Each structure stands twice: as C-alpha cells, then as structure tokens.
2 protein chains.
Amino acid sequence: MHDLLAEAKVCHLGVVVGEGDDAHPVVLPTVCAADPDGPDEGGTLYLHGSVAARSLVAALDRTICVTVTLLDGIVAARSAFHHSMNYRSAVVIGRPRVVTEEIERARALDLIVDQVVPGRAATLRPHTRKELAATVVLALALHEASVKIRAGGPGDEPADVEAGTWGGHIPLRLVADAAIPAPECGDAPVPDDIRTLVQRLGRA
Amino acid sequence: MHDLLAEAKVCHLGVVVGEGDDAHPVVLPTVCAADPDGPDEGGTLYLHGSVAARSLVAALDRTICVTVTLLDGIVAARSAFHHSMNYRSAVVIGRPRVVTEEIERARALDLIVDQVVPGRAATLRPHTRKELAATVVLALALHEASVKIRAGGPGDEPADVEAGTWGGHIPLRLVADAAIPAPECGDAPVPDDIRTLVQRLGRA
C-alpha cells in the first residue's frame, strides 16, 4: 500500500455534504501524501486544502473516503462482459484529524509538495504565517486501508477463446514531457529535482 | 465536458453507504461512458457493475457523484503554497436511473466497451442473457455537471519570482505500450481497433 501511495500524483477525496435527505457525496481530485511513520495507527495520510474549500470543511467532523487509483492498462477481453482495466487502488475510510501542531503541519505540507516533485520542498523558502493560516491540513489513519490490484490479461469464457476472437491487454502509464519554465526563468537551468522527475517519468 | 468525458478511461464513483451516524462515503474507480444524445436532460452518463457490487447497490436509491479527472501536468511553483496540478475534471451529481429497457442496456454496455477501446463493441459477440442479468446499468443526467480546468504555469508571488527561484510546469499524459496478446492468440494479428488505440495513445 505504501508503494502505491508513494507513486500516486492525485487521489480522489469523497465527502458527504448536506444533512438528512439532502446528504450526498462529493468527490474531488486532490493531492495527498502518506507518511508510513506518521503518528496515526498504520501511518498517516495527509490531505490539505484552502480553509475556504467546501469539500475540506465538509470533511471536518465526518467520515471521509480517500481513493488512490493507478491505472496500469486496458483488458481487451473476447466478450464485452469480461472487458476490464488493470489498476492498483487503495481506499482509505476514516474520520480525519485536523492537524494543528505547527511542526506536523509544516512537515505534512512538505510531504505533499514532495509527493508531486520529490525533493522539491527542501529547495523552497519556508511557509509564511499567512499561507499556513489559509491552509487546512487533515490526517487520516492508514490502518483500515483496503488495496485492490488487477493485472495481466483477460479471463475469458472457454467458448470465446475457442471461437478465435482476439484477446489481450494494453499497458498504460503516465509519462512526463520536458519541463516548461515560466517566462521569467529565462535561460536559468532546470533544477535537479525537476530534471530527475521528468527523467523518471520519461517516455523511455 | 463531452470532450473530457470521451477522453477518460476511468472515473471515480462516490456513493453514501450506511444510514444515520454510520453513513459515510465510498469512492471507487470504475468505467463510465457518456452519450451526448442519451435520453436524459443534457445527455446521459452510463455506469455499470455487478448486481453483487456493494457500491452499485448503494447507488440505487440515492444521490451519487461521478468525477472524471484527466491529469495534465505538475505545476512546480516558487513556493510550496502555489504548487498545483494541471487537470481537467467533471463532477456529475444526481440520482441515477436504473436502465431496464433491453435496447438501452445493450447500447450502454457497448458504449462502455467503446469508451475503453473505441470500435471494439462492434467486433464482439452479442451479450448473453446471463451476462445481462448479472449486470446493473445506471444512467445519470448530465445537465448538472460542473467542469474545472487548470492549465499553464504557476501563479507565484512577485517576491518569489524576483528571488530567482525556478518555476514552471511539467506536462503529464497517459500513454499506451504495445498490446500483449493472450497466449492462445499465437501469431493472430492484433485487431485494427487495438492497433489504432495503441497508436493514438502511443509514446510519440
């Protein structure tokens, strides 16, 4: 599970908004970061967002669900019924803790930056007081996560295999293209963390 | 929105399971397919699943949320605070209709196969009665979908730009590698639909 969480660039946060008959789920993409050595049972999953974000406010006193999905391929079976996707997913359900302690908050925000660009947090200036005040950090215990993995080719009916229909699977993966510097960067060299990331997620 | 939905290979379905104080969201990856000309207001989004799937059963009499996210890049800003992702997402919230009419059910299941491998449904044998009986098809009206898009480089504080920190963005995209035929296929040629898909999602 920690390998899967370490690889993901986005997760989907599900919260329930509204009360009674109006209660319904809202699912939004966001970035999360796992700390296997975090203070919660099984390790800690950190989420963050603006104090003004409706989905984060809805998460504060309720059970939430965070789902991480890595898409690994398309399973082209011999029948529509057995078509599928290859993927690795983790589903974490729990009541989040609001992180208030300043050292843990700063560490969580650094982990979230490093989740997206490993090594980048250490190259940036410290968070300002204003930035920290505008940000909610939530922590979720990882002890109840459930992981699902599907890999490999189709599981077809013998009759469909005998009929000679083609079946197989198509690997999919997320790749990075060359970094595009902001216009003000001019000819400044692309930093090592960014170059390493592009190389690791490169096309090769 | 329809371009975005046409491009997505997976979506995330959010449902509320449980009642009262036990009610909580569950978010699972699945495949959906949009029919811009479907019978619902704004077009129809189709979902399917096993009649035994807990998430589908939970969706039957309740409002659900389907979120489609296409990840387009990493925004490496000059501060942790302004780090972000480039993405296109659609969030569809509504009470689903169970599709019972046989022609619409078969069409929806074909659209779902074609969502993953365009053109494939027409090359496969018809659905069997047993397969259809094992499958729930849900339809969601698309008239209340909300679309969000973030693109381009970072939006940094002027002081961070002046400080000379590097900022920019890294494009990300999903690519396909060559199809892997099931062992029984031997040297049978890879069908056109699969070859076209791999080419379109290729590394180039």
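Lettering of chains follows the sequences in order, A, B, ..., and the numbering in each one begins at 1. Everything quoted here is computed from the prediction, not taken from an experiment.
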> Is the shortest side-chain N to carboxylate O distance from B:E131 to B:R105 below 4.0 Å?
Replying inline: no

> Does the side chain of B:V51 come within less than 4.5 Å of B:L56's, by heavy atoms?
Replying inline: no

> Hey, does B:C11 have a side-chain heavy atom less than 4.5 Å from the side chain of B:T30?
Replying inline: yes

>> Please report the interatomic distance CG(B:D192) to OG1(B:T123), rounded to the nearest 0.5 Å.
In response: 10.0 Å

>> Report which part of B:D160 has an atom under 4.5 Å of a heavy atom belonging to chain A: side chain, backbone, both, or neither.
In response: side chain

> So do B:V198 and A:I170 actually touch side chain to side chain, heavy atoms under 4.5 Å?
Replying inline: yes

> Is it the backbone or the side chain of B:K148 that comes under 4.5 Å from a heavy atom of chain A, or both, or neither?
Replying inline: neither

> Which one of A:V26, A:T63, A:L174 has the most heavy-atom pairs closer than 4.5 Å to chain B?
Replying inline: A:L174

> Is it the side chain or the backbone of B:A77 that comes within 4.5 Å of chain A heavy atoms, both, or neither?
Replying inline: backbone

> Taking A:G14, A:G73, A:S79 one by one, which has the highest count of heavy-atom pairs under 4.5 Å against chain B?
Replying inline: A:S79

>> For B:T128, which atoms come within 4.5 Å of any heavy atom of chain A: side chain, backbone, both, or neither?
In response: neither

> Which atoms of A:V15 come close to chain B, meaning under 4.5 Å heavy atom to heavy atom: side chain ones, backbone ones, both, or neither?
Replying inline: backbone

>> For B:A76, which atoms come within 4.5 Å of any heavy atom of chain A: side chain, backbone, both, or neither?
In response: both

>> Please output the residues of residues 89-100 of chain B in contact with chain A, using a heavy-atom cutoff of under 4.5 Å, in numerical order.
In response: B:S89, B:V91, B:I93

>> A side-chain contact here means heavy atoms from C-beta on lying under 4.5 Å apart; do B:V147 and B:R88 qualify?
In response: no

> Is the closest basic N to carboxylate O distance between A:R107 and A:D110 below 4.0 Å?
Replying inline: no

> If we only count heavy atoms from C-beta on, is the A:L132 to B:F81 side-chain gap below 4.5 Å?
Replying inline: no

>> Less than 4.5 Å to any heavy atom of chain A: does that hold for the side chain of B:R120, its backbone, both, or neither?
In response: side chain

>> Looking at chain B, which one of A:K9, A:H24, A:M85, A:H83 has the largest number of heavy-atom pairs inside 4.5 Å, strictly under?
In response: A:H83

> Counting heavy-atom pairs under 4.5 Å to chain A, which of B:I194, B:D193, B:I64 comes out on top?
Replying inline: B:I194

>> So which residue, A:P181, A:G153, A:G168, ends up with the most heavy-atom pairs under 4.5 Å with chain B?
In response: A:P181

> Taking A:H127, A:H169, A:E184 one by one, which has the highest count of heavy-atom pairs under 4.5 Å against chain B?
Replying inline: A:H169

>> What part of B:V16 gets within 4.5 angstrom of chain A, counting heavy atoms only: side chain, backbone, both, or neither?
In response: both

>> Do B:L70 and B:L4 make a side-chain contact, defined as non-hydrogen atoms from C-beta onward lying under 4.5 Å apart?
In response: yes

> Can you tell me how far SG of A:C32 sits from CG of A:L5, rounded to the nearest 0.5 angstrom?
Replying inline: 6.5 Å

>> Check whether A:E157 reaches the backbone of A:A159 with its side chain - one donor and one acceptor, N or O, closer than 3.5 Å.
In response: no

> Between A:Q115 and A:Y46, does a side chain to side chain donor-acceptor pair (under 3.5 Å) hold up when you go through it step by step?
Replying inline: CA-CA 11 Å; A:Q115 178 79 20; A:Y46 289 109; over 6 Å; no

> Checking A:D35 side chain against A:T44 main chain: does a donor-acceptor pair fall under 3.5 Å?
Replying inline: no

> So what's closer than 4.5 Å to chain A heavy atoms on B:P126: side chain, backbone, both or neither?
Replying inline: neither

> Which atoms of A:V66 come close to chain B, meaning under 4.5 Å heavy atom to heavy atom: side chain ones, backbone ones, both, or neither?
Replying inline: neither

>> At a heavy-atom distance under 4.5 Å, which candidate from B:T67, B:L197, B:I180 has the highest pair count against chain A?
In response: B:I180

>> Quick check: do A:D40 and A:L142 have side-chain heavy atoms less than 4.5 Å from each other?
In response: no

>> Out of B:I112, B:V116, B:V117, return the one with the most heavy atom pairs under 4.5 angstrom to chain A.
In response: B:V116

>> Heavy-atom pairs under 4.5 Å with chain B - which of A:A80, A:P183, A:G164 has more of them than the others?
In response: A:A80

> Do B:H12 and B:T69 have side-chain atoms, one donor and one acceptor, less than 3.5 Å apart?
Replying inline: no

> Between A:R173 and A:D72, is there a side-chain N and carboxylate O pair less than 4.0 Å apart?
Replying inline: no

> Where on B:V75 is there a heavy atom nearer than 4.5 Å to chain A: the side chain, the backbone, both, or neither?
Replying inline: neither

